[in-house]
Enquirer: 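So that we are looking at the same thing, I have put the structure below in structure tokens.
Within every chain, numbering begins at 1; the chains are lettered A, B, ... in the order of the sequence lines, protein sequences first and strands thereafter.
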There are 2 protein chains.
Amino acid sequence: MPNQKPRKPDKKPEKRSRQPDVTRRNILDAALYEFAAKGLAGARVDEIAARSGANKRMIYEYFGNKEGLWLTVLERAYEKMREEEHAIDVARMPPREGMRYLMEFNFKFCSRNPEFIALLNAENLHKAGYLRHSKKIQQLYTPLLVVIQDLLERGVKEGVFRKGVDPVELYTTIAALGFFYFSNVHTLSTIYGRNLLSPKQQKARMEHSVEVILGYLRP
Amino acid sequence: MPNQKPRKPDKKPEKRSRQPDVTRRNILDAALYEFAAKGLAGARVDEIAARSGANKRMIYEYFGNKEGLWLTVLERAYEKMREEEHAIDVARMPPREGMRYLMEFNFKFCSRNPEFIALLNAENLHKAGYLRHSKKIQQLYTPLLVVIQDLLERGVKEGVFRKGVDPVELYTTIAALGFFYFSNVHTLSTIYGRNLLSPKQQKARMEHSVEVILGYLRP
DNA sequence: CGGAGAAGTAACTGGTCAGTTACGAAATTG
DNA sequence: CAATTTCGTAACTGACCAGTTACTTCTCCG
């Protein structure tokens with residue numbers, strides 16, 4: 001089986017090498033997987049190189065060192081979340097529906113992105129030392145908080161929400177209800193003796209979480 | 001400064017060496033510190049030896065290897081929590097007070113024991129592989145769940161709680177509201193641009209958490 | 001006191017891993 | 001088709017680190 005694929009240098013380099021963007025992206029994907037599975041200290045650069053199909057030299061050329069790679073992966077994960085969150089259009093929903101939607105989105109996002117959770121936990125182990133260097137993160141959540149504020153105000157006006165709820169506290173609570181469950185699935189599953197990752201358990205948990213939020217918000 | 005301390009072999013060996021229990025305990029304390037700070041992969045056995053004042057040989061004699069040490073530290077942490085939780089006497093409190101007390105205890109425990117949180121997160125990174133081997137953990141939470149069930153039933157009977165709340169879901173929610181905040185303090189502090197570890201922020205957060213639980217539980 | 005065994009020390013070992021380097025192959029450019 | 005740059009490979013290096021070993025010192029008990 002001789003490889004005569006690259007014999008055709010037409011204007012569109014469809015397959016094969018010399019595509020830095022693709023290589024870069026492959027490295028980041030592999031790194032996300034490895035970091036999420038083993039943390040920063042446990043992850044192996046050789047493993048990332050092997051999994052990405054690239055090579056260590058490329059990794060160090062693109063990202064400098066292991067920590068540089070970590071920071072890039074972390075920022076990329078946050079960006080992904082922002083993008084998805086950006087797609088939320090809650091502003092014109094009725095307050096209660098809007099709040100339910102927010103909670104469900106958050107829950108499902110955590111369910112779909114366990115690597116994101118592992119990454120955040122690892123970063124907290126490092127006391128957010130890397131995240132602090134990323135200036136763009138800080139204003140990332142403002143739009144979401146504005147949306148929540150708006151929902152709260154409209155809810156109060158319509159008489160379906162209680163007064164005096166702080167949007168930051170509420171957002172933290174929403175995040176907590178989604179995040180904690182998936183962050184601690186394994187120890188919780190062990191303690192309760194059930195598989196909390198089963199769709200049935202997940203659904204029940206999401207329903208309960210929505211109920212907690214909406215129940216609390218009643219006037 | 002010649003050391004003539006150990007020159008007195010009276011019946012009570014007050015200070016100094018040859019006290020396996022003390023050495024063992026020192027190692028566990030040092031290991032808790034190191035593991036909580038750096039995770040299993042990041043922790044260094046040499047560092048634990050140095051910090052404990054003991055020696056690597058002792059560590060391997062007592063605990064076999066690094067993983068054995070990890071498991072022992074983990075179990076010890078859970079035991080500590082159980083002990084403190086055991087001291088809770090909520091059974092004869094009025095339902096709402098009891099629930100508030102539970103929530104506050106949980107919150108304060110997380111605040112007081114950041115190592116416990118780090119340990120749990122690391123163990124979840126390992127998919128609870130170590131915890132699963134510890135049979136005694138599984139039935140640890142049953143008494144607490146019974147207490148919650150009792151509170152809920154009395155609350156319903158007295159007309160201060162809503163019906164149909166699942167005690168397991170509720171406990172998970174209580175745990176989430178306490179745990180998540182401290183587990184993610186650093187990234188949250190970075191994002192919000194405030195120091196969430198300040199007593200003021202902690203107090204506000206605890207009040208909010210209690211409000212969420214009690215607000216949700218209203219009939 | 002003296003011998004046995006437990007507790008402790010420090011140097012060592014073998015493997016692992018982050019980061020480097022020397023070199024080759026392909027592609028782009030003129 | 002050279003020359004230059006970009007991409008890729010694989011072997012290497014030096015540090016680090018889990019676990020071991022050879023040896024010393026203390027304590028206990030007869």
Side-chain angles (χ1 to χ4, degrees), chain A residues 2-28 30-31 34-35 37-73 126 130, chain B residues 2-28 30-31 34-35 37-73 126 130:
Chain A
N3 60 330
Q4 46 197 38
K5 260 283 184 54
R7 257 301 76 112
K8 228 181 154 196
D10 42 11
K11 238 74 235 198
K12 218 171 90 201
E14 186 63 29
K15 267 278 146 59
R16 282 255 34 114
S17 64
R18 203 51 55 88
Q19 279 170 290
D21 297 358
V22 174
T23 302
R24 206 186 130 92
R25 191 198 162 81
N26 287 343
I27 291 173
L28 283 173
E34 177 77 359
F35 282 140
K38 306 181 191 166
L40 176 52
R44 299 292 158 235
V45 176
D46 289 275
E47 181 61 27
I48 293 171
R51 173 173 291 272
S52 70
N55 187 275
K56 279 219 279 185
R57 188 185 159 287
M58 292 294 99
I59 294 178
Y60 284 93
E61 181 145 329
Y62 289 148
F63 304 102
N65 54 25
K66 198 185 184 184
E67 300 198 344
L69 183 55
W70 169 265
L71 181 54
T72 311
V73 168
H126 299 105
Y130 297 98
Chain B
N3 60 331
Q4 47 198 35
K5 260 284 184 52
R7 252 310 71 114
K8 228 182 152 194
D10 42 9
K11 239 75 236 198
K12 216 170 89 198
E14 185 62 30
K15 270 276 147 61
R16 281 255 37 114
S17 64
R18 203 52 55 89
Q19 280 170 289
D21 296 359
V22 175
T23 302
R24 205 186 131 91
R25 190 198 164 81
N26 286 343
I27 291 173
L28 284 174
E34 177 78 359
F35 281 140
K38 306 181 193 166
L40 176 52
R44 297 294 156 233
V45 176
D46 288 275
E47 181 61 29
I48 294 171
R51 172 173 292 271
S52 70
N55 187 275
K56 278 220 278 184
R57 190 187 158 286
M58 292 293 100
I59 293 178
Y60 284 94
E61 181 144 330
Y62 289 148
F63 304 103
N65 54 24
K66 197 184 184 184
E67 301 198 344
L69 182 56
W70 168 265
L71 181 55
T72 310
V73 167
H126 299 105
Y130 296 99

Enquirer: Keeping to residues at least two apart or across chains, list the salt bridge (Lys or Arg N to Asp or Glu O under 4.0 Å) pairs with something in residues 51-61 of chain A.
Expert: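 Output for this query lists A:Asp46-A:Lys56, A:Arg57-A:Glu61.
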Enquirer: Mind listing the closest non-hydrogen atom pair of A:Ala31 and A:Val73 along with its distance?
Expert: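 That closest heavy-atom pairing would be CB-CG2, 3.7 Å.
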Enquirer: Show me the donor-acceptor pairs, under 3.5 Å and distance only, between side chains in residues 63-72 of chain A and residues at least two apart or in other chains.
Expert:
{"from": "A:Asn65", "atom 1": "OD1", "to": "A:Glu67", "atom 2": "N", "distance (Å)": "3.3"}
{"from": "A:Asn65", "atom 1": "OD1", "to": "A:Gly68", "atom 2": "N", "distance (Å)": "2.8"}
{"from": "A:Lys66", "atom 1": "NZ", "to": "A:Leu40", "atom 2": "O", "distance (Å)": "2.9"}
{"from": "A:Lys66", "atom 1": "NZ", "to": "A:Ala43", "atom 2": "O", "distance (Å)": "2.9"}
{"from": "A:Glu67", "atom 1": "OE1", "to": "A:Tyr130", "atom 2": "OH", "distance (Å)": "3.4"}
{"from": "A:Glu67", "atom 1": "OE2", "to": "A:Tyr130", "atom 2": "OH", "distance (Å)": "3.0"}
{"from": "A:Trp70", "atom 1": "NE1", "to": "A:Glu123", "atom 2": "OE1", "distance (Å)": "3.1"}
{"from": "A:Thr72", "atom 1": "OG1", "to": "A:Gly68", "atom 2": "O", "distance (Å)": "2.8"}

Enquirer: With a 4.0 Å cutoff (strictly under), does any side-chain N or O of B:Thr23 reach OP1 or OP2 of C:dA7?
Expert: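 Checking C:dA7 against B:Thr23, no side-chain N or O comes under 4.0 Å of OP1 or OP2.
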Enquirer: Nearest whole Å is fine: how far is C:dA7 C1' from B:Tyr62 OH?
Expert: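 Between C1' of C:dA7 and OH of B:Tyr62: 7 Å.
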Enquirer: What's the verdict on side-chain contact (heavy atoms from CB on, under 4.5 Å) for B:Tyr60 and B:Val45, showing C-alpha distance, side-chain angles and the deciding distance?
Expert: CA-CA 10 Å; B:Tyr60 284 94; B:Val45 176; 3.8 Å; yes
Enquirer: When the distance from CD of A:Glu61 to P of D:dT5 is rounded to whole Å, what number comes out?
Expert: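 That distance rounds to 14 Å.
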Enquirer: Rounding to an integer number of Å, can you tell me how far A:Phe63 CZ sits from D:dC7 C1'?
Expert: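 Distance, rounded to whole Å: 15 Å.
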Enquirer: Go along nucleotides 16-22 of chain D 5' to 3' and tag each nucleotide: B for a protein heavy atom under 4.0 Å from its base, S when only backbone or sugar atoms are that close, - otherwise.
Expert: -SBBBBB
Enquirer: Partners of B:Lys38 by side-chain contact (heavy atoms from CB on, under 4.5 Å), sequence neighbours excluded?
Expert: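 B:Lys38: side-chain contact (heavy atoms from CB on, under 4.5 Å) contacts with B:Glu34, B:Glu47.
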Enquirer: Can you measure A:Leu69 atom CG to C:dG19 atom C1' for me and round it to whole angstrom units?
Expert: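 In whole Å, C:dG19 C1' and A:Leu69 CG are 13 Å from each other.
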Enquirer: Whole angstrom is fine here: how far is it from CE in A:Met58 over to C1' in D:dT9?
Expert: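 It works out to 10 Å between those atoms.
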